[in-house]
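Notes to accompany the following structure.
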Amino acid sequence: MYTDNLTKAGETPQLRAFTDRDHPNAVKLKEAHESFQQGNLEKLFQLFADDMVWTVPGNNQLSGTFHGQAEIEENFKTLGSVVDSYWAYPLDYFGSDHHVALVALVRATRGDQTLEERECLLFTVNEEGRFKECFHLGLDDKKWDEFFA
């Protein structure tokens, strides 16, 4: 189980307070992540470019490169259909004019299996300020592949 100075196993990590020093794209990604967690895909996709590309590396049923809203939504539906529970606790958001990242602690269950692992979602931001690409990176590929096999 995940343990370090951020949280002990089973505890809910607490996100730091945002300040006026946070980049607007980090604030926007926080809004996008909250929309995803709430199941508000309409709001989420308003922040994505129409030609958004979502890439999930690895060798499992979620892996691949997905283009546009329909394919990305299908990937999200696959995620929902293969887990009993899934929650990504944000640990931090970082942003610049061209890139933004979310570091999160994922807790998921599937039957008697449990995944508790960190992930990083790295986005590029287009000239209109919308998210253009996302690379979803589990920090331990082997654990992700085994869980989502």
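- The minimum heavy-atom distance between Val53 and His67, with the atom names listed, is CG2-ND1, 3.6 Å.
- Other residues, nucleotides and ligands place more than 12 heavy atoms under 6.0 Å from the CD atom of Glu128.
- Here the closest heavy-atom approach between residue Ser63 and residue Pro57 is recorded as OG-O, 3.3 Å.
- Between Ala88 and Ala104, the shortest heavy-atom contact is CB-CB, 4.2 Å.
- With hydrogens and angles ignored, the 3.5 Å screen pairs a side-chain donor or acceptor of Asn75 with a backbone N or O of Leu62.
- Residues Phe135 and Phe36 fall into different hydrophobic clusters, defined by Ile, Leu, Val, Met, Phe, Trp and Tyr side chains chained together at heavy-atom separations under 4.5 Å.
- Taking CD of Glu133 as the start and CG of Asp51 as the end, the distance is 9.0 Å to the nearest 0.5 Å.
- Side-chain atoms of Lys28 and Val100, non-hydrogen and from C-beta on, never get closer than 4.5 Å to each other.
- By the 4.5 Å heavy-atom criterion applied to side chains, Phe123 and Leu47 are not counted as neighbours.
- Side chains of Glu31 and Lys43 form a contact here, defined as non-hydrogen atoms less than 4.5 Å apart.
- In the hydrophobic clustering of ILVMFWY residues, with side-chain heavy atoms under 4.5 Å counting as a link, Leu29 and Phe76 come out together.
- Linking Ile, Leu, Val, Met, Phe, Trp and Tyr residues whenever their side-chain heavy atoms come within less than 4.5 Å places Val83 and Leu41 in a single cluster.
- The backbone N or O of Phe48 sits less than 3.5 Å from a side-chain atom of Arg130, completing a donor-acceptor pair.
- Qualifying ring pair (Phe, Tyr, Trp, His ring centres under 6.0 Å) partners for Phe94, counting only residues two or more places apart in sequence or in other chains: none.
- Residues Gln69 and Met52 are not in side-chain contact: their nearest non-hydrogen atoms beyond the backbone lie 4.5 Å or more apart.
- Under a 3.5 Å cut-off, the side chain of Gln61 and the backbone N or O of Phe148 do form a donor-acceptor pair.
- With Phe147 as reference, Arg110 is the one residue of Glu117, Glu116, Arg110, Lys142 to meet the side-chain contact (heavy atoms from CB on, under 4.5 Å) rule.
- Asp145 contributes a side-chain N or O that, together with a main-chain N or O of Asn59, makes up a donor-acceptor pair within less than 3.5 Å.
- Both Val82 and Trp144 belong to a single network of hydrophobic side chains, linked directly or stepwise wherever heavy atoms of I, L, V, M, F, W or Y lie under 4.5 Å apart.
- Here Lys132 contributes atom NZ and Asn126 contributes atom CG; the two are 7.0 Å apart, rounded to the nearest 0.5 Å.
- Here the CG atom belonging to Leu91 is positioned 8.0 Å from the CG atom belonging to Leu102, to the nearest 0.5 angstrom.
- Here the CG-CG distance, from Leu115 to Asp140, works out to 9.0 Å after rounding to the nearest 0.5 Å.
- Put simply, Val56 and Leu79 are part of the same group of oily side chains (I, L, V, M, F, W, Y) that touch within less than 4.5 Å, one to the next.
- Residues His98 and Val125 are not in side-chain contact: their nearest non-hydrogen atoms beyond the backbone lie 4.5 Å or more apart.
- Residues that satisfy the salt bridge (Lys or Arg N to Asp or Glu O under 4.0 Å) test with Asp20, not counting sequence neighbours, are absent from this structure.
- How far OG1 of Thr65 is from CH2 of Trp54: 12.0 Å, rounded to the nearest 0.5 Å.
- With a 4.5 Å cut-off on side-chain heavy atoms, Cys134 and Phe131 do not count as touching.
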Candidate pair His99 and Asn25, rule side chain to side chain donor-acceptor pair (under 3.5 Å), full reasoning:
CA-CA 8 Å; His99 294 91; Asn25 284 332; over 6 Å; no

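- The closest side-chain heavy-atom distance from Phe45 to Ile72 is below 4.5 Å.
- For residues 76-91, the pairs satisfying side chain to side chain donor-acceptor pair (under 3.5 Å) are Ser85-Thr109, with sequence neighbours left out.
- For the atom pair His23 NE2 and Asp97 CG, the distance stands at 4.0 Å (nearest 0.5 Å).
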